[in-house]
Chemist: 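My structure is below; once you've seen it, I'll send some questions.
All heavy atoms count here, side chains included; hydrogens, waters and symmetry mates do not.
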Amino acid sequence: MNKNTTDITLSAYFNDIVIGYYEDEDLVKSFGKKFGFDVDKDTFMAVSFLYPSDAYVRNEDKEKLKPAAEAMIQYSGINKKIGGSQVMVADMGLVVILTSHSKRDMHYALEDIKNEALEQLEKIDSDMRIRVGIGTMESGIKGIKHTYKNALDAVRAGEIFKPDRVILEYMGMEIYSAINQMVVSYGDRLTRTVLKQLGETEKKVLSKYYKCKEDVALTARQLDMTEEEVQASLVQVKINTGLDVNDNEDNFKLHFITIAKKVLENDERIKRNH
């Protein structure tokens with residue numbers, strides 16, 4: 001993007017701001033005004049359509065997502081007036097950034113956006129599970145970058161923590177996204193001391209125990225074990241690690257470690273497939 005540009009598309013404009021970094025902020029803002037919005041005052045929200053993080057995604061796969069991403073444009077009066085290319089290519093799919101003159105207008109449109117996204121997903125011919133990420137509603141150049149990143153992070157966290165959910169809003173996934181990032185950076189240190197002291201049965205029982213909201217009877221049914229066997233495994237966890245599921249602080253540590261294990265396994269799977 002330069003001062004002589006007269007026919008820049010909205011997708012190129014957002015890419016220069018969001019994915020790259022353009023130092024002339026005044027120029028960025030002036031181009032925004034030509035598109036019909038005020039970068040500082042108006043509200044921006046990214047919507048992503050992404051394939052699974054561990055999938056092999058070709059350009060033609062991303063092309064299949066284009067009609068769905070473009071369908072989002074109708075829910076922004078500003079985007080509809082701009083025309084031209086508005087869809088950006090992301091690592092595992094496509095992203096479109098919607099613009100509104102107020103957060104209130106964006107909030108009013110949000111439910112329609114989510115419903116439309118679900119309808120569009122049904123039309124996509126793909127065997128891969130596609131998820132939709134909704135970024136935060138933000139203003140300013142940094143805000144545009146944030147909402148773009150958040151729309152991607154919401155899906156990444158959702159794959160691990162909310163695997164059955166298709167529409168993932170960052171405002172609901174923020175804590176999971178933070179945990180995901182922290183575990184990827186420090187997870188091995190968090191898990192190796194405890195997990196190496198557990199047998200496969202204890203690991204399996206502990207993981208299912210938390211997935212079943214610490215209900216021993218449900219855990220037993222899910223694992224085709226007796227309640228006594230589940231209890232014995234939890235006791236063995238205490239013997240091996242010194243951490244007791246019946247102690248609040250220990251219970252938090254064990255729960256977090258099972259989450260970290262899941263995150264690290266997912267991260268390793270992604271690395272293998274890429």
Chemist: I want to check something: taking the side chain as every heavy atom from C-beta on, are Leu234 and Leu206 in contact at a cut-off of under 4.5 Å?
Modeler: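 With C-beta onward as the side chain, the pair touches.
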Chemist: Would you check if there is a donor-acceptor pair between the side chains of Gln86 and Asn79 at a distance under 3.5 Å?
Modeler: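 Yes.
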Chemist: Assess whether atom NZ of Lys203 is packed by more than 12 heavy atoms of other residues, nucleotides or ligands within 6.0 Å.
Modeler: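 Yes, enclosed.
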Chemist: Kindly say whether Leu243 contributes a backbone atom to a donor-acceptor pair with the side chain of Thr241 at under 3.5 angstrom?
Modeler: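 Yes, the answer is positive, given that a donor and an acceptor are paired below the 3.5 Å cut-off.
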Chemist: For Ala151, does its backbone N or O pair with a side-chain atom of Ser48 as donor and acceptor, under 3.5 Å?
Modeler: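 Judged by distance alone, yes, a pair lies under 3.5 Å.
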Chemist: Would you compute the distance between atom CE of Met92 and atom OH of Tyr56 and round it to the nearest 0.5 angstrom?
Modeler: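 Between Met92 CE and Tyr56 OH, I get 10.5 Å after rounding to 0.5 Å.
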Chemist: When rounded to the nearest 0.5 angstrom, what is the spacing between CD1 in Ile130 and CD1 in Ile124?
Modeler: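 CD1 of Ile124 is found 4.0 Å from CD1 of Ile130.
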Chemist: Tyr75 side chain to Leu98 main-chain N or O, any donor-acceptor pair under 3.5 Å?
Modeler: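 Between the backbone of Leu98 and the side chain of Tyr75 there is no qualifying donor-acceptor contact (under 3.5 Å).
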Chemist: Side chains of Ser233 and Tyr209, heavy atoms from C-beta outward: is any pair under 4.5 Å?
Modeler: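 They are not in side-chain contact.
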Chemist: Would you say that Lys149 contacts His146 through its side chain, given a criterion of any heavy-atom pair below 4.5 Å between the two side chains?
Modeler: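 Contact flag for Lys149/His146 side chains = no.
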Chemist: If you count heavy atoms of other groups shown closer than 6.0 angstrom to NZ of Lys33, is the number above 12?
Modeler: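 More than 12 within 6.0 Å, yes.
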Chemist: Consider only side-chain heavy atoms of I, L, V, M, F, W and Y, link residues closer than 4.5 Å, and tell whether Val235 and Leu223 are in one cluster.
Modeler: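 No.
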Chemist: Sub-3.5 Å donor-acceptor pair from the side chain of Ser207 to the main-chain atoms of Lys204, do we have one?
Modeler: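 Side chain of Ser207 to backbone of Lys204, a donor-acceptor pair under 3.5 Å: no, none is there.
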Chemist: With rounding to the nearest 0.5 Å, note down the distance linking CG in Asp215 to SG in Cys212.
Modeler: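 The SG atom of Cys212 is 7.0 Å from CG of Asp215, to the nearest 0.5 Å.
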Chemist: Would His255 and Ile259 count as a side-chain contact (heavy atoms from CB on, under 4.5 Å) here? Give the steps.
Modeler: CA-CA 6 Å; His255 195 176; Ile259 291 172; 4.0 Å; yes
Chemist: Can you list every pair that meets salt bridge (Lys or Arg N to Asp or Glu O under 4.0 Å) and has a residue in residues 109-120, with sequence neighbours left out?
Modeler: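 As it turns out, the salt bridge (Lys or Arg N to Asp or Glu O under 4.0 Å) pairs with a partner in residues 109-120, which skip direct neighbours, are Glu111-Lys114, Lys114-Glu169.
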Chemist: Can Leu118 be reached from Tyr51 by stepping across I, L, V, M, F, W or Y side chains whose heavy atoms are under 4.5 Å apart?
Modeler: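 Cluster IDs for Tyr51 and Leu118 match.
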Chemist: Is the side chain of Tyr13 donor-acceptor paired with the backbone N or O of Val28 at a distance under 3.5 Å, no angle test?
Modeler: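 Judged by distance alone, yes, a pair lies under 3.5 Å.
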Chemist: Between Phe161 and Ile179, is a side-chain contact (heavy atoms from CB on, under 4.5 Å) present by the stated rule, with each step listed?
Modeler: CA-CA 10 Å; Phe161 300 106; Ile179 290 172; 3.9 Å; yes
Chemist: Taking the side chain as everything from C-beta on, heavy atoms only, tell me whether Asp91 gets closer than 4.5 Å to Leu152.
Modeler: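 Sidechains of Leu152 and Asp91: no contact.
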Chemist: Heavy atoms, side chains only, cut-off 4.5 Å: are Asp153 and Tyr170 in contact?
Modeler: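 With C-beta onward as the side chain, the pair touches.
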Chemist: With sequence neighbours excluded, tell me which residues meet side chain to side chain donor-acceptor pair (under 3.5 Å) with His107.
Modeler: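 His107 satisfies side chain to side chain donor-acceptor pair (under 3.5 Å) with no other residue.
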Chemist: Could you label the plane-to-plane angle of the Phe14 and Phe37 rings as parallel, tilted or perpendicular, counting under 30° as parallel and over 60° as perpendicular?
Modeler: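 The arrangement is parallel - the two ring planes meet at less than 30°.
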Chemist: What distance do Arg104 atom CZ and Thr43 atom OG1 have between them, rounded to the nearest 0.5 Å?
Modeler: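 Here the rounded value is 12.0 Å.
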Chemist: Would you name the heavy atoms of Arg165 and Leu168 that are closest together and state the gap between them?
Modeler: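 Shortest heavy-atom contact: CD-CD2, 3.8 Å.
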Chemist: Drop me the distance from Met137's CE to Phe44's CZ, to the nearest 0.5 angstrom.
Modeler: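 The CZ atom of Phe44 is 13.5 Å from CE of Met137, to the nearest 0.5 Å.
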Chemist: Donor-acceptor pair, Gln222 side chain versus Thr219 backbone, under 3.5 Å?
Modeler: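 No: the side chain of Gln222 does not pair with the backbone of Thr219.
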Chemist: State, yes or no, whether a side-chain contact exists between Ile97 and Met88 at a heavy-atom distance under 4.5 Å.
Modeler: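 Of all side-chain heavy-atom pairs linking Met88 with Ile97, at least one is under 4.5 Å.
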Chemist: Under a 3.5 Å distance rule, please check whether Ser177 uses its side chain to pair with a backbone N or O of Glu174 as donor and acceptor.
Modeler: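 No; zero donor-acceptor contacts below 3.5 Å.
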Chemist: For Ala90 and Lys62, work out which heavy atoms get closest and say how close.
Modeler: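 Closest pair (atom of Ala90, atom of Lys62, distance): O-NZ, 2.8 Å.
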Chemist: Which pair of non-hydrogen atoms, one from Ile257 and one from Val194, has the smallest distance, and what is that distance?
Modeler: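 Nearest heavy atoms, Ile257 then Val194: CD1-CG2, 3.5 Å.
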Chemist: Using a cut-off of 6.0 Å, state whether more than 12 heavy atoms not belonging to Glu60 lie near its atom CD.
Modeler: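 Atom CD in Glu60 is packed in, count exceeds 12.
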Chemist: Is it possible for you to say whether Ile239 and Val216 belong to one hydrophobic cluster, with membership spreading through side-chain heavy-atom contacts below 4.5 Å?
Modeler: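 Ile239 does not cluster with Val216.
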Chemist: Tell me the closest heavy-atom pair linking Arg129 and Pro52, and the distance in Å.
Modeler: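 Closest pair (atom of Arg129, atom of Pro52, distance): O-CD, 3.0 Å.
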Chemist: Which atoms form the tightest heavy-atom contact between Tyr210 and Val245, and what is the distance?
Modeler: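 Closest approach of Tyr210 to Val245: OH-CG1, 3.8 Å.
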Chemist: Can you tell me how far apart CZ (Arg156) and CG (Leu50) are? Round to the nearest 0.5 Å.
Modeler: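 It comes to 7.5 Å.
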Chemist: Please say which of Ile144, Ile113, Thr136, Thr99 ends up in a side chain to side chain contact (heavy atoms under 4.5 Å, CB included) with Met45.
Modeler: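 Exactly one candidate clears the test, Ile113.
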Chemist: Any non-hydrogen side-chain atom of Ile134 less than 4.5 Å from a side-chain atom of Val47?
Modeler: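 The answer is yes, as the side chains (C-beta and beyond) meet within the 4.5 Å cut-off.
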Chemist: Are any of the side-chain heavy atoms of Ile78 and Phe35 separated by less than 4.5 Å?
Modeler: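 No; the side chains remain at least 4.5 Å from each other.
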Chemist: Can you tell me if Thr147 uses its side chain to pair, donor with acceptor, with the backbone of Gly143 under 3.5 Å?
Modeler: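 Between the backbone of Gly143 and the side chain of Thr147 there is no qualifying donor-acceptor contact (under 3.5 Å).
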Chemist: How close do Ser100 and Asp42 get, heavy atom to heavy atom, and via which atoms?
Modeler: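 Closest approach of Ser100 to Asp42: O-CB, 3.3 Å.
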Chemist: Do the side-chain N and O atoms of Tyr148 and Asn15 include a donor-acceptor pair separated by under 3.5 angstrom?
Modeler: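 Distance-only check fails for Tyr148 and Asn15.
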Chemist: Please lay out, stage by stage, how Asp54 and Glu159 fare under the test side-chain contact (heavy atoms from CB on, under 4.5 Å).
Modeler: CA-CA 10 Å; Asp54 59 354; Glu159 288 178 334; 5.7 Å; no
Chemist: Check for a donor-acceptor pair, side chain of Glu202 on one end and backbone N or O of Gln236 on the other, with a separation under 3.5 Å.
Modeler: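 No: the side chain of Glu202 does not pair with the backbone of Gln236.
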